[in-house]
J.: 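Sharing a structure with you now.
Residue numbers run from 1 in the order of the sequence given.
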Amino acid sequence: MATPDVPKTCKVILADTIAKKLLGEVREMLTKGEQAKKPTLAAFLANDDPAAGQYAEWSKKTCEENGFGFDLRKVNKEVLEEAIVAANQDDAIDGIIVYYPIWTNNQQQDRYIQETVALSKDVEGLCHTHLFNMYHNVRFLDPPTNRKKSILPCTPLAIVKALEHLQIYNPILAYGNRLFGKTITVINRSEVNGRPLAALLANDGATVYSVDITGVQVFTRGEGIRQPRHQVLDKEGWGLKDVLPLSDVVIGGVPTENFKVPTELIRDGAVCINFSSYRNFDGPAVKEKASIYVPSIGKVTIAVLLRNLVRLIDNRSAQE
């Protein structure tokens, strides 16, 4: 008698699958809008990072396939500020993206460049106003009218959209509480990706363990998610061995090929998502532990980038 096949326990979901639905929504938003011209994104590349170059190529291809203009501007980092200021003032440009890091040993200079991008063209949501709103769980730029949506950073928002696609968000709960009861570990606490992601997930109700080389912090909205926005507490002495066994979702974003999430610590049936340009998970091994594995998120990030660009154009229309 033949032994029945045992179904695989892990489902691998590719970024293309998640991005396709988002790009359909973006095209629909574009046709409903009142754009008199093709929306154009100016992209500034001032480093020689291969990952940034790959991201730029994907962005160009996705823009052109979906009715957007893409203007890649390779500039020396010493004149980057002036180039961005010129794009801020150029009516032909609807949004601006800058590929980071620029100064690998000086995050403060990168932060200065983030603030150079005009609020109305900040497609990455990295200027102070957008970040303040994100951290304080404020969804609009113009309360109480609420016609202009605040822009969220692209990679963190891409991961949120991936979690929605994977039905980790509970649609039965009220909007803003849909991660209530979920425990998530984010391995990366950079100011561009990891910390904003932890804040977004906690603001939606999750308990989030944010892990970095400096240690572990927990982001929550308090017991019973009673706080309007997330609070942060240090977890002295904690490490991956303490948080991974507790986590329904594990998100890796460590920008080095030498780091791997310890598979043996991952909870059986966890959802594992990698957003680093390197593989933070041992692919064959993690498929034996995880229920869902998303090996990369880059193409979802580009779909979110275009979604943000349409939002910027809509915001300007709301202002007129």
J.: How long is the span from the CD1 atom in Ile297 to the CG atom in Leu14, to the nearest 0.5 Å?
T.: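 One finds 10.5 Å between CD1 of Ile297 and CG of Leu14.
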J.: Under the salt bridge (charged side-chain N to carboxylate O under 4.0 Å, His left out) test, which residues partner Lys289, sequence neighbours left out?
T.: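 Once residues adjacent in sequence are excluded, the partners of Lys289 under the salt bridge (charged side-chain N to carboxylate O under 4.0 Å, His left out) criterion are Asp268.
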J.: With clusters defined by side-chain heavy atoms of hydrophobic residues (ILVMFWY) lying less than 4.5 Å apart, directly or transitively, does Val98 cluster with Leu72?
T.: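 In one cluster: no.
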J.: Looking at Glu65, I want to see if its CD is surrounded by more than 12 non-hydrogen atoms of other residues, nucleotides or ligands under 6.0 Å.
T.: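 Enclosed: over 12 neighbouring heavy atoms sit under 6.0 Å from CD of Glu65.
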J.: Return the CG to OH distance between Leu305 and Tyr55, rounded to the nearest 0.5 Å.
T.: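 Nearest 0.5 Å value for the CG-OH distance: 5.0 Å.
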J.: Using the test side chain to side chain contact (heavy atoms under 4.5 Å, CB included), find all partners of Gln227 that sit at least two apart in sequence or belong to another chain.
T.: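 Per chain and number, Gln227 pairs via side chain to side chain contact (heavy atoms under 4.5 Å, CB included) with Arg221, Gln231.
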J.: Are Val216 and Leu201 connected into the same hydrophobic cluster when the rule is that any two of I, L, V, M, F, W, Y join if their side-chain heavy atoms are below 4.5 Å apart?
T.: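 In one cluster with Leu201: Val216, no.
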J.: Does any N or O in the side chain of Asn188 come within less than 3.5 Å of the main-chain N or O of Val254, such that one atom is a donor and the other an acceptor?
T.: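 No, Asn188 side chain to Val254 backbone: no donor-acceptor pair under 3.5 Å.
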J.: Got a sec, which pairs hit side-chain hydrogen bond (donor to acceptor under 3.5 Å, both in side chains) with one end in residues 251-267, sequence neighbours left out?
T.: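 Every pair satisfying side-chain hydrogen bond (donor to acceptor under 3.5 Å, both in side chains) with a residue in residues 251-267: Asp248-Arg267.
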J.: What pairs meet the salt bridge (charged side-chain N to carboxylate O under 4.0 Å, His left out) rule with one or both residues in residues 107-127, with sequence neighbours excluded?
T.: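 Qualifying pairs: Arg111-Glu115.
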J.: Is Asp142 reaching over with its side chain to a backbone N or O of Arg147, donor-acceptor style, under 3.5 angstrom?
T.: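 Flag set: sc Asp142 to bb Arg147 pair under 3.5 Å.
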J.: How long is the straight-line distance from CG of Asp71 back to CD1 of Ile96, given to the nearest 0.5 Å?
T.: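 It comes to 10.5 Å.
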J.: For residues 77-86, which residue pairs qualify under side-chain hydrogen bond (donor to acceptor under 3.5 Å, both in side chains), counting only residues two or more places apart or in two chains?
T.: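 The answer is Glu81-Tyr112.
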J.: Kindly write out the residues that satisfy salt bridge (charged side-chain N to carboxylate O under 4.0 Å, His left out) with Glu64, not counting sequence neighbours, or none if the list is empty.
T.: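 Result, salt bridge (charged side-chain N to carboxylate O under 4.0 Å, His left out) vs Glu64: Lys60.
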J.: Starting from Ile225 and following side-chain heavy-atom contacts under 4.5 Å between hydrophobic residues (I, L, V, M, F, W, Y), which residues can be reached?
T.: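 Ile225 clusters with Leu173, Phe180.
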J.: Parallel, tilted or perpendicular, judged at 30° and 60°: which one describes the rings of His128 and Phe132?
T.: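 His128 vs Phe132 ring planes: tilted.
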J.: Could I get the full list of side chain to side chain contact (heavy atoms under 4.5 Å, CB included) partners for Leu200, not counting sequence neighbours?
T.: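 Side chain to side chain contact (heavy atoms under 4.5 Å, CB included) list for Leu200, sorted by chain: Met134, Leu152, Pro156, Val160.
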J.: Going by salt bridge (charged side-chain N to carboxylate O under 4.0 Å, His left out), name the pairs with one or both residues in residues 187-204, residues two or more places apart or in two chains.
T.: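 Pairs touching residues 187-204 that pass the test: Arg139-Asp204, Glu191-Arg195.
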J.: Between CG of Leu233 and OG of Ser210, what distance do you get to the nearest 0.5 Å?
T.: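 One gets 12.5 Å once the value is rounded to the nearest 0.5 Å.
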J.: Using the test side chain to side chain contact (heavy atoms under 4.5 Å, CB included), find all partners of Asp16 that sit at least two apart in sequence or belong to another chain.
T.: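 Scan of Asp16 (side chain to side chain contact (heavy atoms under 4.5 Å, CB included), adjacent residues dropped) gives Lys299.
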J.: Working to the nearest 0.5 Å, report the span between CG of Leu309 and CZ of Phe68.
T.: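 With rounding to 0.5 Å, CG (Leu309) is 5.5 Å from CZ (Phe68).
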J.: Nearest 0.5 Å, please: how far is CD1 in Ile151 from CG in Leu312?
T.: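 Rounded to the nearest 0.5 Å, the CG-CD1 separation comes to 4.5 Å.
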J.: Output side-chain donor-acceptor pairs under 3.5 Å for residues 42-51, partner residues at least two apart or in another chain, one line each.
T.:
{"residue": "Asn47", "atom": "OD1", "partner": "Asp49", "partner atom": "N", "Å": "3.2"}
{"residue": "Asn47", "atom": "ND2", "partner": "Tyr99", "partner atom": "O", "Å": "3.3"}
{"residue": "Asn47", "atom": "ND2", "partner": "Pro101", "partner atom": "O", "Å": "2.8"}
{"residue": "Asp49", "atom": "OD1", "partner": "Ala51", "partner atom": "N", "Å": "3.0"}

J.: Do Leu166 and Leu23 belong together in a cluster built from hydrophobic side chains that touch within less than 4.5 Å?
T.: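 Different hydrophobic clusters.
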J.: Check the hydrophobic clustering (I, L, V, M, F, W, Y; side-chain heavy atoms under 4.5 Å; chains of links allowed) and say if Leu163 and Leu22 are grouped together.
T.: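 Shared cluster, yes.
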J.: Can Ile159 be reached from Tyr278 by stepping across I, L, V, M, F, W or Y side chains whose heavy atoms are under 4.5 Å apart?
T.: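 In one cluster: no.
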J.: Of all residues at least two apart in sequence or in a different chain, which pass the side chain to side chain contact (heavy atoms under 4.5 Å, CB included) check with Glu236?
T.: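 Counting only residues at least two positions away or on another chain, Glu236 forms a side chain to side chain contact (heavy atoms under 4.5 Å, CB included) with Asp234.
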J.: So with a 6.0 Å cut-off around CD of Gln107, is the heavy-atom count from everything else above 12?
T.: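 Count not over threshold, so no.
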